[in-house]
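Step one of this worksheet: look at the structure below.
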Amino acid sequence: MRFYSKHFKRDFNQWSLYTVAISLFIAIPVFTIIFHLFNGKGEMWDHIVTYFLLDYVLNSIILLFGTGIICFSFGTASAWIVTKYDFPYRKLIEWLLFMPLAIPSYIVAYSYVGLLGNGGTFIRFLNMIGIPIKKIEMMNIYGLIAVLSFSLFPYVYAGTRAMFKSYPNSIRESAYLLGASEIRYFFSVALPLASPAIIGGLFLVFMEVLNDYGAAKYYGINTFTTGIFRTWTALEDIQSSIYLSALLVVLVLFLLAMVKWFRGKKSYALKFNNEDKTKRFNLVGYKKTYLIVVFIPILAGFVFPVIQLLIWAVQTFEVIFNYALFSLVIQSVFVALFTALIIVLTALLLIYFSRWSILKTPRFFPKIATLGYVIPGAIIGIGIIRSSNSIIVFFDTYLNLKVGYLFYGSSVVLIYAYIFRFLAVGYNSIEANTLKLGKHLEQTSYLLGIDKFVTFIKIDLPLLRNSIISAFVLVFIDTLKELPLTLILKPYDLNTLAVKAYEYAEDERVAEASIPALLLILIIAILITLINYKKSKTN
Amino acid sequence: MKILEINDLSKSYDGKNNALKDCSFSIESGKICAIVGESGSGKSTLLKLIAGLERPSAGQIKIKGKVVSNDDIIVSPQKRNVGLVFQDFALFPHLTVKENISFGLKKDKTKKVDELLKKIKMEGYGNRYPSELSGGQEQRVSIARTLALNPELLLLDEPFSSLDTNLKSDLRQEIKQIIKDIGQSMIFITHDIFDALDIADEIIFLKEGNIIRHSSIRNAYKDVENEYLKKSMKELKSNAERILKAVNNK
């Protein structure tokens, strides 16, 4: 990339400036973390290195490895079965396989303790049928791997299923005509072709695992994210938590580099179907047992946790179901709606300003602004607290203005944090569709004498409507589920369903967490269903 | 009067390789000029530079005597009064034929649209959407939309490449008729020499970003020395002989 253009004066326009300015403003937390790395180590750093760091590194790697294997196995196997075979209620099952995404992983973690812990629902059932067992220990790293895997495998399932569906039938027919068995076709053709989607899905799983705070904290497992929180809150050493954050960013960048490298090697020029024209075979004979592979993740990731939550909800309904709960729903939905709106608008501004920039260098800057999705919430939270403090001190020292309440007494900082964290979700989904639209429509409009803004309103906006709605809903869901950032940055008088569920669980009142959790699940499930319905209708 | 003057025009996308090198030529008002060349010869780049959709690395472009592009000045596409019809027609898919044609108009929309629909012989198609039209119809609507603004210069990017042989021949004549009727200056790019010979007044051959010949159609192959032109002439001759032989055999 050239950072200098000999026609800089001629080609520079206001859009270049806006693109750079907005991108840098959004990415302030990243620069803050980098800047503070040079302030030297914190007081507790040596103590952390001696007693905790190895634990954080090993546990995080074991979690990534374990969830990676389980998500890959169930994600690809279930995607293969629903695209290759036909069986009763297939469409319902395809939809149910998405549903674990509706339940935040920390809520699945709570529900499993209720199911399998001392006197848990499932344990009582086992006792009833004569199996004398006291509990199944879940609160260890293996339990956490299981919980995270069954919550997150749909990230692999979704992309892989879409990929399997897009294969032209001729590929399979050619493989069979060349004498390949079903198993050989799967391992040597179908799976390698789907590898970019599988890797993309696994990367999202890894990011969620590294970002998880609620489940790991509840199960007492030391990970990077819980470590960052503990160093900051219990040890009161923010400088050391910045050091830990930097190490976590290195791990994330390593994973990102792996994905880029692997994907770079695996790009295929194949004419894929845009719609589902896959020929499916009926599941007969011993092949009916394949359904076990499909049912395990549905039961473990959705049905069992929801059953446990419903049992708790019945027990706690009278105490929890009141005006305060209603107010909680309103606050959560309002914050998520507002965030989704701002993010979609910001994404559109960045996409179009960089498109309208004649200079090429500014077009690189939105990539920095969208880094938030690969940076765990805890790190963003610390970066924002640090930069807010610097701004507050600056106003106080040089302008004698007390602006602290603006930052910590309102939701401004929290919404800003959400924007940085989830901008990539909105940006990538809209940008992909602007690329599909191409440039000829807007260029034609310019040549017909219409300016950029009117062209955007009359041409681009109507044609991007569906992708804008999808981006809006995806950001809304992510914001509604978000926990670590909200815990760090929410103002005193604001609460969300996610935080409330976490607070109940932290207070050893896990049954009370069920109603906020169920409401959260209900809202998200409806939205996921709407997105899937819209997608199938568009196809 | 010259409608277009181009002097020492160059374009490089990566700062190293030139898509277009030191091109200079001019076109008289009311003429149809064909730019012929293989893929990657710089034809589309040249058209985009004239329309203002790309910025030149060096050189100058004048439209009707006015500088629209050089090292210091860039006139935006909206202000050049140049029309461009893309190879994929770029009709707005969510607008009807009428709405597409009137998109750039500010007044007398209905009258102008009706006139143009009549001119392109599509009177009954005003309320249809682009997805309900054939390739040839889309092409005509796209040209009508561009002509609605009375551009000084009309540019067509490979106008006949996506059409089948029969339709291509008819449409070439139709377009020539429409353009000549209104005395419109036009440049179109093509890789098919037959398109050029059929409707153009003059022809420019482009090869690897360089203009290797600019002449009237009558003199297109007169005294050629360039290897590329010799090859092109040979192919044309052999195609003509093959067609004549086939016709005689029937």
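Everything numeric in this text was worked out from a predicted model, so none of it was measured. Labels below follow one simple rule: chain letters A, B, ... track the order of the sequence lines, proteins then strands, and each chain is numbered from 1.
Residues B:Leu53 and A:Leu447 approach most closely at CD1-CD1, 4.0 Å, considering heavy atoms. In plain terms, the two heavy atoms of A:Gln443 and B:Phe86 that are nearest each other are OE1-CZ, 3.3 Å.
Judged purely by atom type and a 3.5 angstrom limit, A:His440 has no side-chain atom pairing as donor or acceptor with the backbone of B:Gln87.
At a 4.5 Å heavy-atom cutoff, B:Arg80 makes no contact with chain A through either its backbone or its side chain. If you measure heavy-atom distances from A:Lys439 to chain B, you find no contacts under 4.5 Å at all. There is no contact between B:Asp157 and chain A, counting heavy-atom distances below 4.5 Å. Within the 4.5 angstrom heavy-atom criterion, atoms from both the backbone and the side chain of A:Ile459 approach chain B. Within the 4.5 angstrom heavy-atom criterion, no atom of B:Leu105 approaches chain A. Using a 4.5 Å cut-off between heavy atoms, B:Thr146 touches chain A through its backbone atoms (N, CA, C, O) alone. Both the backbone and the side chain of B:Leu84 come within contact range of chain A, with heavy atoms under 4.5 Å apart.
B:Phe92 has its side chain out of reach of A:Pro462: every pair of non-hydrogen atoms, C-beta onward, lies at least 4.5 Å apart. Residues B:Pro93 and A:Leu441 have side chains in contact (heavy-atom distance under 4.5 Å, counting atoms from C-beta outward).
Residue B:Gln60 qualifies as enclosed at atom CD: its count of foreign heavy atoms under 6.0 Å is above 12.
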Exercise for the section: Test salt bridge (Lys or Arg N to Asp or Glu O under 4.0 Å) on B:Asp72 and A:Arg10 and set out the steps. Expected result: CA-CA 6 Å; B:Asp72 306 311; A:Arg10 184 191 73 179; over 6 Å; no
